[in-house]
Amino acid sequence: QRVYRRTRKSVLPRNYCQINRPYVELVSNMQLLKSIPDPIIKAKTCIDFAQQHQESSFSILPQPSTDDFVCDMSVAMKNAMTGEASTMSKKDVKKLFNNNVIILHSIAHMEMTAIDTTLDSIYRFPTWYDLPEQFYKDWLRITADESRHFLMLCDRMNAISGTSYGDMPVHTGLWDIVNDTRNDPCARVAGIQLVQEGRALDSQDRLLNKFRSYGDTESCQMIEQICKEEIPHVRMGVTWFKYICKLINRDPIDLFHEYVQKYQWGIVPPFNHEYRKLAGLDKEWYVPVAFIRK
């Protein structure tokens, strides 16, 4: 297994972000972040980048067609998918790793996918529908949150068994929503913030029960923190989804239901109704399009 290095630092220069740096450079910076091969360094650099940009203003210049932007996952995630562990069977994984570490690694991969999703969304959509600067500042804030969650999970895996991200096989399933919505910012917000992040809210009780059964109380505390911090992410999605729907004169709930049916996004109970309501998702958003998995 790879040695986990706590000393790996962000590769972001101190003057990396400057006030009024044009949007076209923001695009190249997002692509640069996705090109960092080391997942730990990538996450730390994303946090630094987001913190600096929250205090900056952006000059948004005309951008090329989004068709010119390849909807591709990052180098770090590609490396995890094609590394030595990619050929490992599920049986071998269960032999080599404890159940709690397997789950932690799976969640870490979700967070890595979320980081790539935010980076793609930042440079792909801000000039659509005359979206304001705050749209991608909110995405940057989420980038920092997901990066921090990823580092927390990596710390925990390392503390338990010296495991690093990429030591187990990972999948591409979560990237399908990103690819499907590459030409529609409204659908992207619906698929990522309202569907995928919504699932994260629902997962808390199930995950806590599993970690308790393993006697892993420290992971329980971390998972509870992460799930609660997903609430503002969903709330941000609801806000911008409604904003875009108003611009295109569509009812938000009706359009959300159309997207769910069009892309066959699974919205499956049990639901955390409390967390969903806190995030601005009342039952009328998801119950009518929910299905029971057989």
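What you are looking at is a predicted structure, and each value in this text was computed from that prediction instead of being measured. We number each residue from 1, following the sequence as shown.
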Run V238 and L194 through side chain to side chain contact (heavy atoms under 4.5 Å, CB included) and show every step you take.
CA-CA 7 Å; V238 173; L194 307 189; 3.5 Å; yes
V268 vs F291, side chain to side chain contact (heavy atoms under 4.5 Å, CB included): CA-CA, chis, key distance, verdict: CA-CA 6 Å; V268 183; F291 68 89; 3.6 Å; yes
- request: Apply side chain to side chain contact (heavy atoms under 4.5 Å, CB included) to Q221 and F211, showing your working.
  value: CA-CA 10 Å; Q221 295 172 355; F211 283 112; over 6 Å; no
Item checked: Full working for side chain to side chain contact (heavy atoms under 4.5 Å, CB included) between V170 and M112 -> CA-CA 11 Å; V170 294; M112 178 58 67; over 6 Å; no
Next item on the list: Report the C-alpha distance between D48 and Q52 in whole Å, list the side-chain angles of each, state the deciding distance to 0.1 Å, and finish with yes or no for side chain to side chain donor-acceptor pair (under 3.5 Å).
Entry: CA-CA 6 Å; D48 288 351; Q52 292 187 34; 5.9 Å; no
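L32 and V75 sit in two unconnected hydrophobic clusters of ILVMFWY residues. Membership requires side-chain heavy atoms under 4.5 Å apart, directly or through other members. Both F271 and L281 belong to a common hydrophobic cluster when Ile, Leu, Val, Met, Phe, Trp and Tyr are linked at side-chain heavy-atom distances under 4.5 angstrom. When the side chains of ILVMFWY residues are joined at heavy-atom separations under 4.5 Å, either directly or via intervening members, W175 and I122 end up in a single hydrophobic cluster. Both V234 and I253 are assigned to one and the same hydrophobic cluster, defined by single-linkage of ILVMFWY side chains at heavy-atom distances under 4.5 Å.
Between F256 and R250, every side-chain heavy-atom pair lies at or beyond the 4.5 Å cut-off. No side-chain heavy atom of Y286 sits under 4.5 Å from any side-chain heavy atom of P269. You'll find the side chain of L104 reaches within 4.5 Å of the side chain of M222, heavy atoms only. Between I223 and I107, some side-chain heavy-atom pair lies under the 4.5 Å cut-off. Put simply, the side chain of D216 does not reach to within 4.5 Å of the side chain of N98, judged on heavy atoms. With contacts defined as side-chain heavy-atom distances shorter than 4.5 Å, the pair E146/E197 qualifies. Taking 4.5 Å as the limit, every side-chain heavy atom of K34 sits out of range of all side-chain heavy atoms of I115. The shortest side-chain heavy-atom distance between L151 and R148 does not fall under the 4.5 Å cut-off.
C186 approaches D184 most closely through the heavy-atom pair N-OD1, 3.0 Å. The heavy-atom pair separating S86 from G83 by the smallest distance is OG-O, 2.6 Å. In terms of heavy atoms, W285 sits closest to H257 at O-NE2, 2.9 Å. M88 approaches D167 most closely through the heavy-atom pair CE-O, 3.7 Å. Taking all atoms of both residues into account, the shortest heavy-atom contact from A108 to F150 is O-CD1, 3.4 Å. Nearest heavy-atom pair across A190 and Y259 is CB-CD1, 3.9 Å.
Counted within 6.0 Å of CD on E284, heavy atoms from surrounding residues, nucleotides or ligands total more than 12; the atom is thus considered enclosed. Remark: E218 CD is loosely packed, at most 12 non-hydrogen atoms of other residues, nucleotides or ligands lying under 6.0 Å away.
Atom NZ in K210 sits 12.5 Å away from atom SG in C220 (nearest 0.5 Å). Taking NZ from K277 and CG from L201, the interatomic distance works out to 14.0 Å, rounded to the nearest 0.5 Å. Distance CD1/I231 to CZ/R276: 11.5 Å, rounded to 0.5 Å. If you take CG on D176 and NE2 on H171, they are separated by 10.0 Å, rounding to the nearest 0.5 Å. Distance check: N100 CG to Y214 OH gives 7.5 Å after rounding to the nearest 0.5 Å. One distance of note links CD of Q193 with CD of E230; it measures 9.0 Å at 0.5 Å rounding.
Side chain of S106 to backbone of I102: no donor-acceptor contact under 3.5 angstrom is found. A donor-acceptor contact shorter than 3.5 Å is absent between the side chain of H233 and the backbone of I142. Judged by distance alone, with hydrogens and angles left aside, the side-chain atoms of N158 form no donor-acceptor pair with the main-chain N or O of C154 at under 3.5 Å. Side-chain N or O atoms of R141 include none that pairs as donor or acceptor with a backbone N or O of A50 at under 3.5 Å. Proximity of a side-chain donor or acceptor of R235 to a complementary backbone N or O of L278 within less than 3.5 Å is detected. Within the 3.5 Å criterion, the main-chain N or O of N179 finds a donor-acceptor partner in the side chain of R182.
Ring geometry for W265 versus Y263: interplanar angle under 30°, hence parallel rather than tilted (30 to 60°). Ring-plane geometry between Y165 and H105 is classed as parallel, the angle between the planes falling under 30 degrees on a 0 to 90 degree scale with a further cut at 60.
Electrostatic pairing of D202 and R199 does not count as a salt bridge here, judged by no charged N lying under 4.0 Å from a carboxylate O. Of the charged side-chain nitrogens involved, at least one lies within less than 4.0 Å of a carboxylate oxygen, so that K42 and D116 count as a salt-bridged pair.
The aromatic ring centroids of F135 and Y243 lie 6.0 Å or more from each other.
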